[in-house]
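Here is the structure we will look at, set down as structure tokens.
Below, chains carry the letters A, B, ... as their sequence lines are ordered, and counting in each starts from 1.
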Protein chains: 2
Amino acid sequence: MDSREEKTVTISTVAKEAGVSMATVSRVVNGNPNVKPATRKKVLEVIDRLDYRPNAVAQGLASKKTTTVGVIIPDVTNVYFSSLARGIDDVATMYKYNIILANSDGNHQKEIQVLNTLLAKQVDGIIFMGHNLTDELRAQFKRAKTPIVLAGSVDQKDEVESVHINYVEAVESAVTNLINHGNKRIAFISGPLSDPINGEYRLKGYKNVLAKNGIDYDPNLVFETDYRYRSGEVLWPALASAHATAAFVADDELAAGVLNGARDAGAKIPEEFEVITSNNSKLTEIVRPQLSSITQPLYDIGAVSMRFLTKMMNKEESTQKTIELPYGFIKRGSSK
Amino acid sequence: MDSREEKTVTISTVAKEAGVSMATVSRVVNGNPNVKPATRKKVLEVIDRLDYRPNAVAQGLASKKTTTVGVIIPDVTNVYFSSLARGIDDVATMYKYNIILANSDGNHQKEIQVLNTLLAKQVDGIIFMGHNLTDELRAQFKRAKTPIVLAGSVDQKDEVESVHINYVEAVESAVTNLINHGNKRIAFISGPLSDPINGEYRLKGYKNVLAKNGIDYDPNLVFETDYRYRSGEVLWPALASAHATAAFVADDELAAGVLNGARDAGAKIPEEFEVITSNNSKLTEIVRPQLSSITQPLYDIGAVSMRFLTKMMNKEESTQKTIELPYGFIKRGSSK
DNA sequence: ACCTATAATGCAAGCGTTTCAAGAAAAAAA
DNA sequence: TTTTTTTCTTGAAACGCTTGCATTATAGGT
């Protein structure tokens with residue numbers, strides 16, 4: 001067996017070797033200016049020679065900061081969320097934070113459960129992406145003194161900070177566009193209406209525009225489903241029998257399904273049926289015809305959320321609880 | 001100002017309140033059986049009443065285990081990788097681990113840099129997804145005594161554990177399929193050949209089959225590009241002038257681009273041009289015609305990698321350094 | 001009742017940092 | 001020089017938990 005015990009080199013090893021106290025080593029490690037240049041140099045030399053790496057866990061215990069933030073995400077596999085996540089990670093890195101990523105499947109139980117393990121791990125902050133913010137969750141958030149921000153999601157009760165676009169207006173613009181092309185029967189296709197973004201905001205935008213244009217709201221034109229491609233693909237018969245001539249769809253995968261389903265059934269797009277989707281992900285360009293879409297700055301929503309969180313973690317006062325990012329619209333082949 | 005100081009409740013608070021020692025509380029928290037049922041009950045009652053949550057950082061420092069593993073990923077936004085990541089996270093959760101997720105963009109510098117911060121954070125293990133395992137990286141891995149496994153990637157020098165499919169054989173089967181349809185000029189389209197999976201394994205499979213069927217290898221049929229959709233879309237002119245009648249593509253997004261580029265230019269698929277892709281992601285079904293593809297159990301590769309890692313972290317001896325998962329093939333409209 | 005094997009518990013030394021009160025050194029002022 | 005300031009350093013107490021070892025109950029045998 002090997003005789004060298006391979007001792008881990010700690011701050012005290014370095015201190016002894018450099019002939020200074022641990023406190024001093026700590027200062028040079030943390031860039032504290034109160035160290036005489038000569039001393040600093042000597043310590044750095046030793047650190048280098050011994051290849052010393054500060055133990056972040058010990059630092060965390062002593063300083064009560066872990067430079068780690070928790071990210072609760074429904075499903076990384078979904079491009080919408082992974083785009084946000086990417087934005088989050090990039091600015092986190094920029095501010096020297098790391099991300100603990102946990103999938104929740106949008107499942108309430110898992111969300112609570114994950115939230116608790118994150119808190120146990122003493123994360124400095126949390127970014128939550130979810131469809132539906134329940135009261136229990138809101139309560140847990142409040143109890144934890146940890147800063148939290150919702151990314152790409154909104155708190156109806158406006159108690160927790162969040163960043164997102166104005167869903168009502170975005171949908172209004174899309175549907176208005178459709179109406180201007182002469183459509184009278186426009187389908188509203190989304191995931192669960194229990195998700196406030198769908199059932200509350202988007203639907204409101206849809207109804208607003210209908211009303212403004214003197215078109216009666218017809219519940220038969222509202223299609224509630226899940227976010228899966230396949231769910232959209234099989235929707236055509238229902239759309240046809242509802243005499244829809246256009247559709248606003250709340251998710252790109254879903255929209256791709258709707259589009260393909262319609263085309264596979266022989267419908268001419270956009271002549272006979274127009275569709276506008278919501279997230280402008282890569283998918284919109286891969287499908288034929290390409291999908292017109294509301295554009296959301298997904299990456300930015302993530303990035304801004306994280307930036308916002310850093311401010312909260314630094315206890316910088318902020319006037320606003322909500323940050324609204326701009327949305328846009330891009331016309332492609334699926335609409336006139 | 002609020003007079004209640006809101007003291008954090010620690011293990012010692014609980015111990016006092018329950019009239020036992022910290023050691024005992026620690027035991028019940030960790031499910032150590034050496035506690036009299038009555039005592040356990042009493043302690044649990046106090047824990048519940050005081051709403052005590054163990055501080056994972058302190059646990060980590062004391063036990064030298066963080067129940068956290070690092071995951072180095074090129075880009076979460078890419079479905080190929082996020083699928084792996086999802087598999088990883090699911091089994092991690094199953095084994096009570098959390099994931100620190102860090103994007104590297106496949107950039108060597110970032111990889112090294114991220115690796116180091118993960119080690120500083122004392123992760124119990126690391127899962128690495130990368131295109132190219134450099135010597136420096138391999139050296140760093142070795143230096144760190146932390147268990148590491150490569151997910152969906154292979155170490156040419158076979159020094160670090162990994163799980164993946166047999167890329168050579170998978171490509172052989174795909175190209176054989178194309179040859180059986182009478183194709184003599186089959187393009188090989190992939191990302192950077194510097195990635196061993198492309199330049200080494202896949203290309204080898206391609207050449208093998210050509211040789212076996214008496215077809216000369218023509219470098220003009222090898223197209224090296226990046227993994228972007230757009231890069232595939234613009235490839236058609238080149239393919240046409242090389243007189244290719246079919247293509248094997250190493251990435252789905254790329255393949256979707258090739259397919260759309262060809263169709264947009266009027267090529268009939270699969271009659272005039274066949275294409276087979278590699279990852280069987282959702283994309284393959286969204287595009288028209290749908291893409292025939294090699295199938296890889298992406299989620300499973302992630303899951304198995306993590307499972308493998310847990311074994312290593314438990315110091316269970318394992319005979320194999322490499323786990324090879326089965327691949328498959330699914331025929332869709334893009335090939336005959 | 002007495003001894004022993006075993007089950008429960010308690011003690012206290014870490015784990016590797018940070019941080020604060022306080023002392024030592026160096027620089028500036030007198 | 002001597003005295004004040006100001007700049008650097010140090011010692012040692014946290015931070016909240018785990019764990020090996022010592023100690024004390026508890027139960028089983030005889």
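- Toward the 5′ end of DNA chain D lies the nearest nucleotide of A:Met22, the other residue of the pair A:Met22 and B:Ala23 mapping further downstream.
- Residue A:Asn34 contributes atom CG, which lies 18 Å from atom P of C:dA25 at whole-angstrom precision.
- Counting heavy atoms from C-beta on, the side chains of B:Glu17 and B:Val9 never come closer than 4.5 Å.
- B:Tyr227 has its ring centre no less than 6.0 Å from the ring centre of B:Tyr80.
- For B:Ala62, whose side chain is taken as the heavy atoms from C-beta onward, the closest listed nucleotide among D:dG11, D:dG16, C:dT18 is D:dG16.
- Along DNA chain C, the nucleotide nearest B:Val35 and the nucleotide nearest B:Leu61 are compared for position; the residue whose nucleotide lies closer to the 5' end is B:Val35.
- For B:Arg27 and D:dT19, a side-chain-to-base donor-acceptor distance below 3.5 Å is absent, hydrogens and geometry of angles not being considered.
- The distance from atom CD of A:Gln59 to atom P of C:dG16 is 13 Å, rounded to the nearest whole Å.
- Atom NZ in A:Lys16 sits about 12 Å away from atom P in C:dT17, given to the nearest Å.
- Ranking D:dT18, C:dT9, D:dT10 by closeness to the A:Ser21 side chain, first place goes to D:dT10.
- Put simply, NZ on A:Lys65 is 14 Å from P on D:dG16, counting in whole angstrom units.
- Between A:His131 and A:Phe81, a ring centre-to-centre spacing shorter than 6.0 Å is recorded.
- Side-chain contact between B:Met313 and B:Tyr95 is absent, with no heavy atoms from C-beta onward closer than 4.5 Å.
- Contact annotation for B:Arg40: no contact, since no heavy-atom pair falls under 4.0 Å across all strands.
- For the pair A:Ile11 CD1 and D:dG11 P, the computed distance is 14 Å after rounding to whole Å.
- When distances run from any side-chain atom of A:Val20 to the nucleotides C:dA8, C:dG10, D:dT10, the shortest one goes to D:dT10.
- If you check C:dG16, D:dT10, C:dA8 against the side chain of A:Asn55, the one that comes closest is C:dG16.
- Listed nucleotides: D:dT26, C:dT19, C:dG10. Nearest to the side chain of A:Ser63: C:dT19.
- Position along DNA chain C of the nearest nucleotide to B:Ala58 versus A:Ser26 favours B:Ala58 as the more 5'-ward residue.
- D:dT10 atom P lies 8 Å from atom NZ of A:Lys42, rounded to whole Å.
- Using a 4.5 Å cut-off on side-chain heavy atoms (C-beta onward), A:Lys157 and A:Asp135 make contact.
- Here C:dC20 presents its P atom at 11 Å from CG of A:Asn32, a figure rounded to the nearest Å.
- Residue contacts for A:Ser12: at a heavy-atom cut-off of 4.0 Å it reaches no nucleic acid atom on any strand shown.
- For the pair B:Thr39 and C:dT9, the criterion of a side-chain N or O lying under 4.0 Å from OP1 or OP2 is met.
- Among the nucleotides D:dC15, D:dT19, C:dT18, the one closest to the side chain of A:Lys64 is D:dC15.
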